[in-house]
Structure formats: C-alpha cells, structure tokens
Amino acid sequence: MKVPRNKRLMGKRNPRRNRQRFGGFFLFILVGVFLLFVFRFSYIVISGHVNDENLTKKASALYESSTVLRAKRGTIYDANGTAIAEDSTTYSVYAVLDKNYTGINHKKLYVTDKAKVAKVLSQYLPLDRAAILKRLNPANDKTFQVEFSSAGKGLSLTIKQAIEKANLNGIYFTETPARLYPNGIFASHQIGLAQANTKATKVANAQNLVGIMGLEKTLNSTLAGTNGVKEVKEDSYGYQLPNTKAKKKAAKNGKNVYLTLDSRLQTYLETLMTNVQTKYQPEQLNAVLMNPKTGQILAASQRPTFNPETGSGLGSFWRDTLVGDSYEPGSVMKTFTLAAAIDKGKYQPNTNYQSGQITIGGTTIHDWNQTGWGSIPLSKAFPLSSNVGFVHIEQALGKDNWLNYIKKFQFLSKTNSLLSGEVNGSIQYEHTSDQAVTSFGQGINVTVMQMMQGFSAIANDGKEMQPQIVSKVVDPVTGKTTKYKPHQVATPISKSTASQVLSAMEDVTYKDYGTGTAYQIPGYKIATKTGTAQISNANGAGYMTGDNNYIFSVVGMAPASDPKYVLYITMKQPQDMSQSATEILSEIFNPLMKRALDYDAGDTTTESKTMMPNITGKSVSAATAALKKENLQTVQIGTGDTVVQQMPLANEVILDDQRALILTNGAMTMPDVTGWSKSDVLKLAELTGKQITIKGTGYVTKQSLSAKSLLNSAKTITVTLSKP
C-alpha cells in the first residue's frame with residue numbers, strides 16, 4: 001500500500017529518531033574500540049611482548065648497567081725476568097665549558113675558574129697559562145668541552161692524581177688502556193706493538209689491547225686473555241637499586257711470555273747499532289747474536305727502528321727485516337759452499353787455480369781484486385774471499401749436489417721462529433752461470449734468520465738448530481708453564497766437516513791475507529767470514545754501481561774451538577763511508593762479542609752500567625740533582641718547574657757525561673745545541689715533536705732558533721753540523 005506523502009515527510013523530519021540511531025552507532029564503535037584495547041592490553045600483560053619485543057627485558061635494560069672487566073694482557077719478559085712489555089693505563093684531560101652541565105641540586109660541573117685551571121694545568125702539561133686560557137675561551141661560546149691536543153694525552157697516574165688534588169671544577173679524565181715498553185728501543189720490530197682496539201666487540205669478549213706487529217701480534221691470543229663483565233641495576237643517577245645483586249663474570253688474564261733475549265746484551269747492541277746508524281747512515285742495519293747449541297736468540301735488532309713507548313720512528317716501516325726481507329747474502333754464503341764440498345768429499349784444498357776472473361756460461365766472473373793473486377791453492381780462496389775459487393769449488397761439487405745442500409741447510413724454507421711476516425727466500429738456478437754465482441751468495445735470496453739457522457750447523461757439530469726467541473709461556477693464575485725446547489731441524493753436515501769449516505774461518509781472522517783481521521778480539525779465538533753482496537737494480541736489470549751500493553756483512557763464531565756464540569751483522573748502503581765497511585761493522589761486532597764472551601767467562605767488570613733514573617713528575621731541582629749524581633748533563637726544555645717527560649726513558653742504559661733532556665711544564669724553549677751530535681738533535685726532535693732540519697755532518701755549530709727562544713715561535717728549525 002502506498003504511504004501517503006505527508007507521512008514520509010514526517011519520518012524524515014523526525015530529529016529525535018535520527019539522534020537515537022546515530023548515538024547507538026557511535027556507542028557501538030566506542031564499545032568495539034574499548035574491547036579492542038582491553039584485548040590488546042590483556043595480551044601484552046599475559047605475554048609480556050609487543051611488536052616482537054620482550055617488555056620485561058626492555059624495562060629491565062633501562063636500569064641495567066654493564067661494565068667491562070678488562071683482562072690484563074700478559075707481560076713479555078726477557079731471559080732474566082725483566083719486563084719488556086707490560087700493561088699500563090694512560091689518561092687524557094679535558095675541560096667541560098657548558099654552563100648547563102649540572103648535577104644534583106644544580107651542582108656546577110663545568111669550569112668555573114678558568115684562571116685557576118690554567119695555572120694548575122700549566123704546572124703539569126707542556127703548555128703555558130696563555131695557551132691553556134686560549135683553549136678555555138673558544139670562539140664558539142656554545143662549545144661543550146675542549147681538549148688540550150697531544151699535550152693533554154698520555155698522562156701518567158701520578159700526574160692525573162696531582163691535578164685531581166687541586167679540585168678543579170669541570171676538569172675530567174678519560175682512561176685508555178696502554179702498553180708500557182719501559183726499555184724504549186729494545187728489539188722493537190721483534191717484540192712488536194700492541195695498541196687499543198677501537199672496533200666494537202661484544203662486551204664479554206672485548207679485547208682492549210691488540211697486537212699489531214711482532215711477537216705482540218703472533219702471540220696475541222696467548223697474551224690477550226678474555227675480558228669479564230659486571231652487570232648491575234642502577235637508578236638514573238648511577239646508584240645501585242636496593243635489593244638487587246650485581247652479576248659478575250671475572251676476567252681471564254693473558255699469559256706471560258718469557259723470551260730468550262738477554263737485556264744486558266740487547267741493550268748494549270741497541271747502543272752500538274744507534275752509534276753506527278748515526279755516524280754512517282746505512283739504509284738498513286741488522287744484527288743477531290745466537291747460542292748455536294740451542295738456537296736461542298740472545299740479542300737482535302734492526303735499523304731503521306722505532307721507540308714503541310713514544311711511537312717515534314715507526315712511520316710506515318713495519319717490517320721485521322730479520323725475517324721479512326730476503327736478500328743476496330754475498331760471500332758469507334761461501335761458508336755453506338765450503339761445508340758442502342768438504343762434506344761431499346769434493347774439496348781439494350791443495351789444487352791450484354788462476355785467480356782474478358773466470359768465464360762461465362758466457363758470463364765473466366771477477367774476484368773483488370780483479371787482477372787476482374796469480375795461481376793460488378783453493379785453500380786460500382776462503383780467507384781471501386775469492387769468487388773465482390768458489391766457482392771452481394762449486395763445479396767440482398756439481399750443481400745437483402750443491403742444490404741438495406742448499407736445501408739440506410733449510411734455505412728456501414721458513415724458519416718458523418714465531419717472528420711475524422716471514423718469507424721463504426728464492427733461488428735462480430737455471431743456467432750454468434746462475435749455479436756458479438750462488439756459490440758466493442749471488443742469485444740466491446735468503447733471510448737473516450735462515451742464515452742464523454744455517455750457521456748453527458757450522459758452530460754446533462753439524463746439528464742445525466731452529467732460531468728460538470720464546471723460552472716459555474706461564475699462566476699467571478695457575479702457574480702452568482709451557483716450555484719451548486730447543487729444536488734440531490736437520491743435520492746437513494758431519495761433525496768433522498763443521499770442525500774443518502771453523503778452522504777455515506779462523507784463517508779469515510788470523511791469516512795476514514784474511515779479510516777478517518779487524519775482528520780479532522784479544523784473549524779469544526774468533527772464527528769469521530766477511531761478505532760484500534751486490535744489490536740488484538730496481539728494474540731487475542743488473543746490479544747497482546758505486547762504492548757504497550752493497551750489502552756488507554760479517555759472521556763470527558766464538559770461541560772458535562767450541563762456539564757458544566754466533567754473531568751475524570749486515571749493513572746495506574752506508575751513506576757515509578768515512579771508514580771501510582769492515583771497520584764500520586767491527587764497531588758493533590767486537591764490543592758485543594767481547595761482552596758476551598766476558599759474561600760467559602765470569603768477568604763481571606763489563607756488567608757495571610748506569611740506568612737512567614725516573615725523574616718524570618719531580619721538580620726540576622730534584623731531577624737535576626739526580627742526574628748530576630749519575631754524571632749526566634741536564635738540558636732543560638721548558639719554563640716550568642716540574643718534569644713532564646724525559647729522554648732517555650727511565651731504566652735505559654746511559655753513559656757517563658751523556659746528555660739527559662728534561663721537558664718541563666710551561667712553554668717549550670730551545671736549548672743551546674752547540675756541540676751536540678746528530679743523535680742528540682734527533683732526541684730533541686723526538687721529545688718536543690718539532691721538525692728539525694739537520695744540515696752537514698759532525699757536530700752542531702749553528703742553530704736557526706736562538707737558545708731560550710720559545711719553540712712554538714718558529715715554524716722551521718735548522719741546525720748546521722760541521723766536522724771538527
């Protein structure tokens with residue numbers, strides 16, 4: 001039935017019914033949303049999760065604080081138990097300037113008295129008050145905090161505590177794990193370097209110090225240990241929440257490593273090496289002293305080197321050249337050629353040959369004395385170091401036999417002596433001329449440690465010993481000790497052969513025509529062999545020319561009748577050849593070998609040595625008195641009254657009348673360097689961090705910056721040396 005039009009209009013115009021319908025719909029929506037919230041809230045309460053996150057753990061994390069318990073890195077000791085590398089902590093100072101930085105009850109935690117801060121810090125940092133005040137008043141007044149560059153870093157605990165006693169508002173310290181190398185330059189590339197690890201790691205396994213070179217690297221897993229962790233619930237102010245317990249996992253400290261190095265001999269070697277490096281400026285210099293009976297390395301060093309305590313000299317030269325560089329050894333290789341010929345029964349010492357030159361495979365080979373010595377017996381080829389004579393010996397031996405002995409002596413293979421970056425070496429042995437030149441150490445590339453390993457067979461009745469630099473590893477907690485026993489790698493020659501080679505090496509030292517007469521040491525019989533090896537051109541075409549473009553070397557064994565020491569020294573391209581290569585090398589060889597032999601003979605007179613006292617943190621007057629007592633010349637660098645750095649470092653061996661440089665707080669000043677050696681000037685540059693240009697040779701006669709002038713006042717400093 002059709003609804004009347006007037007009734008339809010009445011329905012549309014009924015506002016009360018419309019409101020009821022709308023209200024009901026809105027109520028339905030509200031109830032639905034409410035039920036959804038109730039359901040969601042109930043789920044969260046029951047499950048404890050939201051968006052796949054555990055709310056219990058998240059809430060707990062707001063109050064949980066984790067602190068790394070740093071494991072102590074193991075200490076490296078020398079053979080006598082003297083620490084060579086050990087854990088330490090250094091501090092860096094900084095100042096907070098932001099006045100919004102406040103604590104409880106609005107306590108001011110920023111610098112409130114800049115003048116006082118500048119006064120106190122200038123007493124302990126190598127900066128004067130003006131320089132510190134300048135940093136405390138930066139151009140940007142919104143700066144939160146400032147640091148003091150390198151002057152405010154690497155501070156000792158003593159200096160940190162002294163600054164803290166002044167109760168300076170706004171002065172804080174950051175703590176950095178560090179490795180202490182108290183001996184300074186001390187087999188630096190062999191010991192290596194450990195530095196703070198900046199990579200993010202899991203808390204429980206974090207290692208703050210990581211070995212990056214040398215034994216610190218190869219033995220990193222042994223030395224490092226494992227960090228622990230302490231977890232505690234704290235409030236927003238850092239206080240532990242009541243009724244909570246701290247969870248703690250103890251750190252496991254690293255193991256201690258004991259080396260075969262003898263600090264008495266090692267320190268003396270470093271001094272001798274530095275003197276030769278300064279005087280004659282070789283491109284490279286290597287030296288190793290070994291006990292051939294055990295293979296134990298008693299002293300080893302190289303130049304260039306660096307000071308691991310200061311980082312000075314490190315640059316980009318990270319190679320341990322004792323194992324990382326292969327080179328043509330030259331005539332010291334004749335020791336092994338002679339041994340091979342004798343051992344194989346192919347050596348005819350009374351057979352004569354024409355010295356001077358010989359042509360093999362289209363290549364003419366000369367003696368160092370190109371006119372030769374006429375017709376001489378093969379017995380003279382070794383003490384005269386005749387290349388031509390050894391070509392004859394190699395030909396009699398035969399190429400296959402000679403190559404076999406090269407391998408018997410373990411050349412072309414790594415020694416696995418634990419030193420990092422070791423290479424195999426190589427040989428060029430295709431042509432007749434190649435085979436001939438290897439007899440006198442050209443065409444074959446070896447490492448210093450391969451040579452030391454081979455020399456041990458000559459000095460040890462034919463038994464070849466692996467070079468050994470680690471003697472034992474000790475767990476500091478349990479005391480469990482792992483010993484590294486001497487390891488014989490081969491027996492390339494007989495005892496009789498070794499004895500005959502030693503006798504020939506004595507001829508090198510004591511025959512009037514021998515090339516090693518400079519290495520005689522009164523009171524001892526020394527067996528030696530010298531070497532002069534050509535250096536290949538960089539492009540591989542032929543060899544370099546010039547009087548100094550050689551690798552000069554000497555190996556010595558003593559006492560010659562039953563060697564207890566083998567000393568091998570190589571020197572590459574000395575820039576100042578004011579002495580013969582033999583004389584230069586004897587400046588290291590003779591005193592070091594004599595000291596070792598004197599120790600062995602029980603002569604303790606050579607053991608007396610003076611150690612540099614620790615004067616850092618002392619007043620200038622107290623430091624000067626301590627140095628005067630040790631017969632040292634004190635050179636003060638700085639206007640302050642407290643010593644902040646010293647050179648030499650504490651416990652370094654020093655000589656009478658040596659210069660001791662002390663850097664004080666306050667502004668750095670230029671000393672009067674007239675009469676100083678180049679070595680002293682380099683120490684000044686290292687201590688101050690200033691670039692000093694050195695011209696000439698000899699001793700300082702002029703300096704561009706006058707004495708007592710502020711070092712920071714000159715961009716460049718030049719000193720001129722002249723020979724007296």
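Computed from a predicted model, the values in this text were never measured in an experiment. Just so it is clear, the values below take in all heavy atoms, side chains as well, and ignore hydrogens, waters and symmetry mates.
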Trainee: Can you confirm whether more than 12 heavy atoms, excluding those of Lys72, are under 6.0 Å from its NZ atom?
Mentor: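 More than 12 heavy atoms, drawn from other residues, nucleotides or ligands, come within 6.0 Å of this atom.
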
Trainee: Extract all donor-acceptor atom pairs below 3.5 Å that involve side chains of residues 142-162 and protein atoms in other chains or at least two apart in sequence.
Mentor:
residue: Thr143; atom: OG1; partner: Asn140; partner atom: O; Å: 2.8
residue: Ser149; atom: OG; partner: Arg135; partner atom: NH2; Å: 3.4
residue: Ser156; atom: OG; partner: Ile159; partner atom: N; Å: 3.3
residue: Lys160; atom: NZ; partner: Glu164; partner atom: OE1; Å: 3.3
residue: Lys160; atom: NZ; partner: Glu164; partner atom: OE2; Å: 2.7

Trainee: Out of Leu710, Thr688, Thr664, Leu705, which one pairs with Thr669 under the side chain to side chain contact (heavy atoms under 4.5 Å, CB included) rule?
Mentor: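 One option only clears the test, and that one is Leu710.
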
Trainee: Taking side chain to side chain contact (heavy atoms under 4.5 Å, CB included) as the criterion, tell me which of Asn275, Leu272, Thr271 meets it with Pro591.
Mentor: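 Of all the options given, the one that passes is Leu272.
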
Trainee: What residues form a ring-ring contact (aromatic ring centres under 6.0 Å, His included) with Tyr77, not counting sequence neighbours?
Mentor: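 For Tyr77 the ring-ring contact (aromatic ring centres under 6.0 Å, His included) partners, ignoring immediate neighbours, are Tyr258.
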
Trainee: Got more than 12 heavy atoms from elsewhere within 6.0 Å of NZ, Lys119?
Mentor: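 Counting neighbours around NZ of Lys119, 12 or fewer heavy atoms of other residues, nucleotides or ligands fall under 6.0 Å, so no.
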
Trainee: Which value, rounded to the nearest 0.5 Å, describes the distance between Ser188 atom OG and Asp320 atom CG?
Mentor: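 Ser188 OG to Asp320 CG: 10.5 Å, rounded to 0.5 Å.
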
Trainee: Strictly distance-based, threshold 3.5 Å: is any side-chain N or O of His189 a donor or acceptor partner for the main-chain N or O of Phe317?
Mentor: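 Looks like yes, one N/O pair under 3.5 Å.
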
Trainee: How close do Val117 and Ile171 get, counting heavy atoms only, and between which atoms?
Mentor: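 Of all heavy-atom pairs spanning Val117 and Ile171, the closest is CG1-CD1, 3.7 Å.
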
Trainee: Yes or no on side chain to side chain contact (heavy atoms under 4.5 Å, CB included) for Leu285 and Tyr280, after CA distance, side-chain angles and deciding distance?
Mentor: CA-CA 11 Å; Leu285 188 64; Tyr280 305 108; over 6 Å; no

Trainee: What's the spacing between Lys255 NZ and Lys480 NZ if we round to 0.5 Å?
Mentor: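 Reported to 0.5 Å precision, the distance equals 6.0 Å.
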
Trainee: For a 4.5 angstrom cut-off between non-hydrogen side-chain atoms, does Asp78 reach Gln266?
Mentor: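 Contact flag for Asp78/Gln266 side chains = no.
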
Trainee: Tell me, with the steps shown, if Asp113 and Asn169 meet side chain to side chain contact (heavy atoms under 4.5 Å, CB included).
Mentor: CA-CA 8 Å; Asp113 190 340; Asn169 266 21; over 6 Å; no

Trainee: Is any side-chain heavy atom of Arg70 closer than 4.5 Å to a side-chain heavy atom of Asp87?
Mentor: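 Yes; the side chains approach each other to less than 4.5 Å.
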
Trainee: Where do Thr75 and Ala83 come nearest, in terms of heavy atoms and distance?
Mentor: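 The answer is CG2-CB, 4.1 Å.
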
Trainee: Do Asp325 and Gln284 touch side chain to side chain, with heavy atoms closer than 4.5 Å?
Mentor: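 Yes; the side chains approach each other to less than 4.5 Å.
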
Trainee: Looking at every non-hydrogen atom in both residues, tell me the closest pair between Ile615 and Met612 and how far apart they are.
Mentor: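 Minimum heavy-atom separation between Ile615 and Met612: CD1-CE, 4.2 Å.
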
Trainee: Can you see which heavy atom on Phe306 is nearest to which on Gly192, and at what distance?
Mentor: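 Scanning both residues completely, I find the closest heavy atoms to be CZ-O, 4.4 Å.
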
Trainee: Say whether, by atom type as modelled, one donor and one acceptor occur between the side chain of Ser704 and the main chain of Thr718 under 3.5 angstrom.
Mentor: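 Side chain of Ser704 to backbone of Thr718: a pair is present.
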
Trainee: Answer yes or no: is there a side-chain heavy-atom contact under 4.5 Å between Ser619 and Asp641?
Mentor: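 They are not in side-chain contact.
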
Trainee: Give a yes or no on whether the backbone of Asn665 and the side-chain of Thr642 come within a donor-acceptor separation of less than 3.5 Å.
Mentor: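 Absent.
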
Trainee: To the nearest 0.5 Å, what is the distance between CD1 on Ile637 and CE on Met670?
Mentor: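 One finds 8.5 Å between CD1 of Ile637 and CE of Met670.
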
Trainee: May I ask you to test the Val719-Trp676 pair for a side-chain heavy-atom distance under 4.5 Å?
Mentor: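 They are not in side-chain contact.
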
Trainee: Hey, mind stepping through Thr274 and Arg303 against side chain to side chain donor-acceptor pair (under 3.5 Å) and telling me if it holds?
Mentor: CA-CA 8 Å; Thr274 297; Arg303 296 293 184 276; 2.9 Å; yes

Trainee: Are any non-hydrogen side-chain atoms of Asp672 and Gln703 less than 4.5 angstrom apart?
Mentor: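 Yes - at least one pair of side-chain heavy atoms lies under 4.5 Å apart.
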
Trainee: Please table the atom pairs, donor to acceptor, closer than 3.5 Å between any side-chain atom in residues 92-108 and protein atoms at least two apart or in another chain.
Mentor:
residue: Asp98; atom: OD1; partner: Asn100; partner atom: N; Å: 2.9
residue: Asp98; atom: OD1; partner: Asn100; partner atom: ND2; Å: 3.4

Trainee: Could you pull out all residues at least two apart from Glu422 that satisfy side-chain hydrogen bond (donor to acceptor under 3.5 Å, both in side chains)?
Mentor: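 Partners of Glu422 by the side-chain hydrogen bond (donor to acceptor under 3.5 Å, both in side chains) criterion, ordered by chain and then number, come out as Thr415.
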
Trainee: As a quick check of understanding, evaluate side chain to side chain donor-acceptor pair (under 3.5 Å) for Thr82 and Asn80, giving each step before the final call.
Mentor: CA-CA 6 Å; Thr82 302; Asn80 302 312; 5.6 Å; no

Trainee: To the nearest 0.5 Å, what is the distance between CG on Leu261 and CD1 on Ile297?
Mentor: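 So the gap between those two atoms works out to 8.0 Å.
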
Trainee: Arg73 and Glu216: side chain to side chain contact (heavy atoms under 4.5 Å, CB included), yes or no, with the steps?
Mentor: CA-CA 10 Å; Arg73 189 174 178 85; Glu216 291 272 31; 3.1 Å; yes

Trainee: Would you mind reporting whether Thr260 and Tyr484 have side-chain heavy atoms less than 4.5 Å apart?
Mentor: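 Tyr484 does not reach Thr260 side chain to side chain.
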
Trainee: Does Ile717 offer a backbone N or O that forms a donor-acceptor pair with the side chain of Gln691 under 3.5 Å?
Mentor: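 The answer is no, because no donor-acceptor pair under 3.5 Å joins these two groups.
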
Trainee: Tyr91: which residues meet the ring-ring contact (aromatic ring centres under 6.0 Å, His included) condition with it, sequence neighbours left out?
Mentor: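 In terms of ring-ring contact (aromatic ring centres under 6.0 Å, His included), with neighbours along the sequence ignored, Tyr91 is linked to no residue.
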
Trainee: Suppose the criterion is ring pair (Phe, Tyr, Trp, His ring centres under 6.0 Å): which pairs have a residue in residues 619-645, not counting sequence neighbours?
Mentor: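 Passing the test, one end in residues 619-645: no pairs.
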
Trainee: Side chains of Met668 and Lys690: does their closest heavy-atom pair fall under 4.5 Å?
Mentor: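 Yes, their side chains come closer than 4.5 Å.
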
Trainee: Please test Leu259 against Leu215 for side chain to side chain contact (heavy atoms under 4.5 Å, CB included), starting from the C-alpha separation and ending with a verdict.
Mentor: CA-CA 10 Å; Leu259 305 184; Leu215 291 171; 3.8 Å; yes

Trainee: Could you give me the CA-CA distance, side-chain angles and deciding distance for Thr89 and Glu175, then say whether side chain to side chain donor-acceptor pair (under 3.5 Å) is met?
Mentor: CA-CA 7 Å; Thr89 301; Glu175 181 179 303; 4.6 Å; no

Trainee: With rounding to the nearest 0.5 angstrom, report the CZ to CD1 distance, Phe173 to Ile163.
Mentor: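 Rounded to the nearest 0.5 Å, the CZ-CD1 separation comes out at 4.0 Å.
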
Trainee: Kindly compute the distance separating CG (Leu663) from CD (Gln646), expressed to the nearest 0.5 Å.
Mentor: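 Those atoms lie 11.0 Å apart.
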
Trainee: If you compare all heavy atoms of Gly74 against all heavy atoms of Arg179, which two are closest, and at what distance to 0.1 Å?
Mentor: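 In this case the closest contact between Gly74 and Arg179 is O-NH2, 2.6 Å.
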
Trainee: Quick check: closest heavy atoms across Tyr181 and Leu193, and the distance to 0.1 Å?
Mentor: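 Reported closest heavy-atom pair: OH-CA, 3.4 Å.
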
